[in-house]
Amino acid sequence: MAISPEKKMDLLVSLAKRRGFVYPDSDIYGGFANAWDYGPYGTELKNNIRDAWWKRFVHGREDMVGVDTPVIQHPKVWEASGHLATFSDPLVEDKKTHKRYRLDHLLEAQGIDVSGLSFEQMVAKADEAGLKSPDGNVLAEPKQFNLMFKTFVGVSEDTASVAYLRPETAAGMFTAWKDIRDTMRKKLPFGIAQVGRAFRNEITPGNFIFRTREFEQMEIEYFVKPEEAPQAFEMWLGEMKSWVHDVLNIRPDHVEYKEIPDADRAFYSARTIDVEYHYPFGQKELYGLANRTDYDLSQHQKFSNEDLRWFDADTKERFIPYVIEPSWGLSRTVLAVLCEHLDIDEAPTADVGADGSSAQEPRMVLRLPPALAPVKAAVLPLQKKDGLAEIGRELAAKLRASALVVEFDEGGSIGKRYRRQDEIGTPWCFTVDYQTKEDGTVTVRDRDAMTQERIKMEEVSGWIRSRL
RNA sequence: GCGGGUGUCGUAUAAUGGCCAUUACCUCAGGUUUCCAACCUGAUGACAGGGGUUCGAUUCCCCUCACCCGCUCCA
């Protein structure tokens, strides 16, 4: 059953809190803007997505290695990457209309060349020219917005050096490139993968966990011979599509693969495709894929004075590889997966009408792919008494021992317990009933179809495994 | 950061310048229940925070914080 987009976010945010997926952070202090806690189920879901990704793209491929680099790196890294120069915007506000503009854009519109000017120099130019807003109003004092979080490394602030929290994980793969090239015996093409946190001092965060100042990325830098870049780009585009549809089980018509035209691309990028998902609040970026050419390694070679070229043993040539960068937002994937699979349908109730048919009630269900579900199975005794609970508890313990995430629940009616599991996306419920005592079988109830079959208790673990 | 709007148990809500702040769902405990939110009994749980006016403030005023919408930004 379709849920209207306006209602969907509200339903999702309240379900996320009620069922322990995502809570407002610092809730006991009244909350902290745009910071969220992943609760027990949210953490499981996020970890499952991350692990599925790592298994598929790192363990599953011969041409890939993984790294884990620090959030705070040498400040030179951000000079070389260009983030220090371009990841900051000078903003001014029209005092009358309260609209905001970029100071450099206003100056350029006046025919004033701002290239290479510092923030202070731009402010001086603006004063000189008596700069007004496009509506002809007085402007407020310009302010500098740096998208990178600044911090200090050292015991006291005055003697310490300034450092930055990484605004993306990619840089770590470039700084580790030389060591990996020299130690891992890989041949081009090959890639380096990393999962980790990145930080951006966004001016406008919002939409639940969609845009936050602290977020997680899963990124790959795939190094290729320059002439092989276009085909590597196509290969990764295919991989991204397959991930979205085969692993996340997102409907093809909920995703757009948007080719970014020349004019809108970053100057170093030869080709960029944005992968956009139809969130309830609009079509927004989920993933990105870019051909970054030799920009990053060239920059780091220049700033570090290290030779970062690749030596081709066949042709005896040295060159800087091109980089294809597929980039996945992990936090955004969690949100997209929740949006995609949250559903309301009809379930029968215990009330049976005169014609023998059951009355129907709306049911909220998260149709997560089983491999991503926070809880794989619930074990439910039909009754607490007559020893059924003990049998169930024992079965749950056995499943846990075989490394499955399971829950045991004996509280309330059986229907109520099914619905609880539906809301957190548990694909299967195993019910211990009176027949179990006679023949050692339990029923399996399917989350989506709500149908049941009987299997032997000792087969439960294998039954689940074969379906993950 | 600016403009506008909104803040009452976990969720949805009612009322009030003066008695333990209402109700439903959820949650928990007990009972009941032989497969889909049933029922009975009971329990926990809120006036976003701070200050002011007042004999007395959840209610009126101020500040802060948070949330929603819009703007600027998202190489």
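Within every chain, numbering begins at 1; the chains are lettered A, B, ... in the order of the sequence lines, protein sequences first and strands thereafter.
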Would you mind telling me which of [options] lies closest to the side-chain atoms of [X]?
X        : options                : value
A/Gln383 : B/rA37, B/rC35, B/rU34 : B/rU34
A/Arg200 : B/rC35, B/rC26, B/rC74 : B/rC74
A/His83  : B/rA75, B/rC35, B/rA37 : B/rA75
A/Gln452 : B/rA38, B/rC35, B/rG30 : B/rC35
A/Thr431 : B/rC35, B/rU11, B/rC74 : B/rC35
A/Arg19  : B/rU11, B/rC36, B/rU27 : B/rU27
A/Arg420 : B/rU27, B/rC36, B/rA38 : B/rU27
A/Tyr268 : B/rA75, B/rA38, B/rC36 : B/rA75
A/Lys17  : B/rA38, B/rG10, B/rC35 : B/rG10
A/Thr443 : B/rU34, B/rC35, B/rC28 : B/rC35

TODO: Could you summarise the pairing of RNA chain B as dot-bracket text, marking Watson-Crick and G-U pairs under 3.5 Å with ( ) or [ ] inside the strand and | across strands?
DONE: (((((((..(((.....[....))).(((((.......)))))....(((((..]....))))))))))))....
Open item on the list: Can you tell me whether the side chain of A/Arg445 and the base of B/rC36 have a donor-acceptor pair closer than 3.5 Å?
Closed with: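 Yes.
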Open item on the list: With heavy-atom distances below 4.5 Å as the criterion, would you say the side chains of A/Phe174 and A/Ser81 are in contact?
Closed with: no
- [ ] Establish, with yes or no, whether the OP1 or OP2 oxygen of B/rA38 is under 4.0 angstrom from a side-chain nitrogen or oxygen of A/Ser413.
- [x] yes
Open item on the list: Is the phosphate of B/rU27 approached by A/Lys416 (side-chain N or O, under 4.0 Å from OP1 or OP2)?
Closed with: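 Answer yes for this pair, as a side-chain N or O of A/Lys416 is under 4.0 Å from OP1 or OP2.
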TODO: Output yes when A/Arg393 and A/Glu410 qualify as a salt bridge under the 4.0 Å nitrogen-oxygen rule, no when they do not.
DONE: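 Counted as a salt bridge, because a side-chain N and a carboxylate O are separated by less than 4.0 Å.
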- [ ] Could you tell me whether A/Glu216 and A/Arg50 have a side-chain N and a carboxylate O separated by less than 4.0 Å?
- [x]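 Salt bridge: no.
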TODO: Anything under 30° is parallel, anything over 60° is perpendicular, the rest tilted; go ahead and classify A/Tyr295 against A/Tyr268.
DONE: parallel
Task: Sugar-phosphate, base or nothing in reach of A/Arg419, heavy atoms under 4.0 Å - done: base
Open item on the list: Once you apply a heavy-atom cut-off of 4.0 Å, does A/Lys284 come out as touching a base, just sugar-phosphate, or nothing?
Closed with: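 Since no nucleic acid heavy atom lies under 4.0 Å of A/Lys284, the category is nothing.
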Taking atom [atom1] in both [N] and [M], what distance in whole Å separates the two?
N      : M      : atom1 : result
B/rA29 : B/rU44 : C1'   : 11 Å
B/rC65 : B/rG49 : C1'   : 7 Å
B/rU33 : B/rG17 : P     : 50 Å
B/rU22 : B/rG30 : P     : 27 Å
B/rA15 : B/rC36 : C1'   : 38 Å
B/rG5  : B/rC9  : P     : 22 Å
B/rU59 : B/rG31 : P     : 44 Å
B/rC68 : B/rC35 : C1'   : 43 Å

d([atom1], [X]; [atom2], [N]) in whole Å:
X        : N      : atom1 : atom2 : answer
A/Phe21  : B/rG10 : CZ    : C1'   : 16 Å
A/Leu11  : B/rC25 : CG    : P     : 19 Å
A/Phe210 : B/rC73 : CZ    : C1'   : 14 Å

Open item on the list: Any donor-acceptor pair under 3.5 Å linking the side-chain atoms of A/His278 with those of A/Glu256?
Closed with: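 Yes - a donor-acceptor pair under 3.5 Å links their side chains.
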TODO: Would you please say whether a donor-acceptor pair under 3.5 Å links the side chains of A/Asp433 and A/Thr431?
DONE: no
- [ ] Pick out which of A/Tyr257, A/Trp243, A/Tyr222, A/Tyr287 makes a ring-ring contact (aromatic ring centres under 6.0 Å, His included) with A/Trp236.
- [x] A/Tyr222
- [ ] State whether the aromatic ring of A/Tyr434 stacks on the base of B/rU34, taking stacking to mean ring centres under 5.5 Å apart and ring planes under 30° to each other.
- [x]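 Yes, aromatic ring over the base.
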Task: Row check, A/Tyr277 ring normal vs A/Arg332 NZ/CZ: under 6.0 Å, within 45° - done: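 No; the conditions do not both hold, so A/Arg332 does not lie above the ring face of A/Tyr277.
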Task: Ring-ring centroid check A/Phe208 A/Phe281, cutoff 6.0 Å - done: no
